[in-house]
Amino acid sequence: MYHNPVMLEECMDGLNINPDGLYVDVTFGGGGHSRRILEQLDGGHLYAFDQDADAAKNAFDDPRFTFIPQNFKYMKNFVQLHARSKVDGILADLGVSSYQFDTPEKGFSTRFEGRLDMRMNQNAPVDAAGVVNGYEVGSLASVLSRYGELKNALALARDIELARSVKPLETTTDLKEAVAAHLQKGAENKMLAQIFQALRIEVNKEMEVLEAFLSQCADMLKPGGRLVVMSYHSLEDRLVKNFMRSGNASGEVEKDFFGNQLTPYKLITHKPIVPTDEEIAVNSRARSAKLRVAERRSE
């Protein structure tokens, strides 16, 4: 039910797996990356996170594997609870899985009629319908501008306000019809994708979760341990790049009294790895992926 994992071998190369090591896959999904990690473990152990109840159905019955049904912003607490040790590698494949995109009732895709949901965790209190019907125009425009990088965000927010004043927007089609007048001719699909992305990020608080996760990684990795993160849009990639370069969200590297840089990581990839044309041809989800790898320095 889940599709091919993106840049599978590149992720494994980045992790540089020790067969006896401890590893964390914070975005389990269909288990494609986790399965390949397990294939390379002997005495080691893999901890996998996913808050989507559907992902739990894919968990492995393997003594070397522990599935943790939680948002990965809680990674440190749960790994410390289970492992009581620092780990050799952390993998994050950010964004939405092919399965989630291809399940109409989840409401992630512009291609299908479905309820405006977009929650990664079905127990979360606010869905996309709650955002488009409940946010005032200024807040809605801010979401569309910040997370969708849409230049006409205010006009789109006003379109949504006008449409919802007639009746609540409940489906993906309702939303698409509400914003149709301000979609640039020839770029309709791209702009709809940006709108849906913005709402999804807001519903799931993705940027806040990513920052919380990244702020825990340096403490969780052993010296020489690897952090491997794959992102799918510029906001994610910028935050990942900043943390790998400096250990913080701003990207500003602190220095000690002598001018030496104080950063927890050594960059393994100075520029992101991108998928090959061959992979994109068989897995369209890979198209926008960027992979970055960093190694934990000695304390």
Side-chain angles (χ1 to χ4, degrees), residues 5-18 21-27 33 37 47 49 71-77 79-80 86-96 145-149 197-198 201 204-276 286-299:
V6 175
M7 288 197 276
L8 180 58
E9 296 310 321
E10 291 89 339
C11 287
M12 297 306 108
D13 290 344
L15 285 170
N16 192 30
I17 291 172
N18 166 14
L22 300 178
Y23 292 88
V24 185
D25 179 353
V26 298
T27 49
H33 288 106
I37 293 170
Y47 301 89
F49 285 74
N71 188 305
F72 62 78
K73 69 181 177 182
Y74 303 119
M75 175 191 68
K76 185 175 181 179
N77 288 345
V79 171
Q80 287 181 333
K86 296 194 175 186
V87 301
D88 296 88
I90 299 170
L91 171 67
D93 177 4
L94 305 174
V96 183
S145 174
R146 188 184 325 129
Y147 298 145
E149 300 179 288
Q197 171 183 292
I201 292 172
N204 297 290
K205 304 299 179 189
E206 290 180 27
M207 297 308 297
E208 293 95 325
V209 167
L210 178 58
E211 184 171 342
F213 158 70
L214 290 169
S215 70
Q216 299 167 31
C217 290
D219 286 341
M220 290 304 300
L221 285 165
K222 298 174 182 176
R226 295 284 183 90
L227 174 60
V228 178
V229 184
M230 189 151 44
S231 60
Y232 293 85
H233 58 76
S234 59
L235 299 173
E236 289 176 338
D237 183 57
R238 190 177 307 127
L239 195 57
V240 172
K241 180 174 67 175
N242 285 349
F243 265 95
M244 287 186 173
R245 183 170 59 193
S246 66
N248 60 60
S250 71
E252 295 180 11
V253 179
E254 297 179 8
K255 295 182 179 181
D256 65 15
F257 179 78
F258 301 101
N260 299 310
Q261 292 188 346
L262 300 174
T263 173
Y265 297 112
K266 176 177 75 173
L267 295 179
I268 302 300
T269 55
H270 291 275
K271 291 185 178 180
I273 299 169
V274 296
T276 63
R287 184 177 60 252
S288 56
K290 291 184 177 180
L291 179 68
R292 293 185 184 273
V293 182
E295 183 175 289
R296 185 68 168 96
R297 294 183 188 274
S298 299
E299 305 261 346

Pair Phe72 and Phe49, ring centroids less than 6.0 Å apart:
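No, too far apart.
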Under a 3.5 Å distance rule, please check whether [X] uses its side chain to pair with a backbone N or O of [Y] as donor and acceptor.
X: Thr269; Y: Val293; value: yes
X: Ser215; Y: Ala212; value: yes
X: Arg226; Y: Glu295; value: no
X: Arg296; Y: Ala218; value: yes
X: Tyr23; Y: Asn18; value: yes
X: Asp256; Y: Phe258; value: yes
X: His33; Y: Val6; value: yes
X: Thr263; Y: Arg245; value: yes
X: Asp88; Y: Leu22; value: yes
X: Glu10; Y: Ile273; value: no

Gap separating the [atom1] atom of [X] from the [atom2] atom of [Y], nearest 0.5 angstrom:
X: Ile201; Y: Leu235; atom1: CD1; atom2: CG; value: 6.0 Å
X: Phe243; Y: Arg238; atom1: CZ; atom2: CZ; value: 14.0 Å
X: Lys290; Y: Lys241; atom1: NZ; atom2: NZ; value: 8.0 Å
X: Leu221; Y: Ile90; atom1: CG; atom2: CD1; value: 4.0 Å
X: Tyr147; Y: His233; atom1: OH; atom2: NE2; value: 10.0 Å
X: Leu214; Y: Lys73; atom1: CG; atom2: NZ; value: 14.5 Å

Taking all heavy atoms of [X] and all of [Y], pick out the closest pair and write down the distance.
X: Glu206; Y: Glu236; value: OE1-OE2, 4.1 Å
X: Val228; Y: Gly14; value: CG2-C, 3.6 Å
X: Ala92; Y: Val26; value: CB-CG2, 3.5 Å
X: Met244; Y: Arg292; value: CE-O, 3.3 Å
X: Leu262; Y: Val253; value: N-CG1, 4.2 Å
X: Pro275; Y: Met7; value: N-SD, 3.6 Å

So do [Y] and [X] actually touch side chain to side chain, heavy atoms under 4.5 Å?
X: Pro272; Y: Met230; answer: no
X: Ile37; Y: Leu15; answer: yes
X: Met207; Y: Leu239; answer: yes
X: Asn204; Y: Val209; answer: no
X: Leu291; Y: Val274; answer: no
X: Pro223; Y: Arg297; answer: no
X: Ser250; Y: Asn242; answer: no

Using a strict 4.0 Å threshold on nitrogen-to-oxygen distance, state whether Lys76 and Asp219 make a salt bridge.
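Asp219 and Lys76: salt-bridged.
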Give the intermediate values and the outcome of side chain to side chain donor-acceptor pair (under 3.5 Å) for residues Asp93 and Tyr232.
CA-CA 9 Å; Asp93 177 4; Tyr232 293 85; 2.6 Å; yes
Using the side chain to side chain contact (heavy atoms under 4.5 Å, CB included) rule, take Gln216 and Met75 through it: C-alpha gap first, then chi angles, then the decisive distance, then the call.
CA-CA 8 Å; Gln216 299 167 31; Met75 175 191 68; 3.7 Å; yes
Taking atom CD as the centre, does Glu254 end up with more than 12 heavy-atom neighbours from other residues, nucleotides or ligands that are less than 6.0 angstrom away?
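Check fails, neighbour count at 12 or below.
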For side chain to side chain contact (heavy atoms under 4.5 Å, CB included), just list the numbers for Tyr265 and Cys217, CA-CA rounded to whole Å, side-chain angles, deciding distance to a tenth of an Å, and then say yes or no.
CA-CA 10 Å; Tyr265 297 112; Cys217 290; 3.3 Å; yes
Do Glu149 and Ser234 have side-chain N/O donor and acceptor atoms under 3.5 Å apart?
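Short answer, yes.
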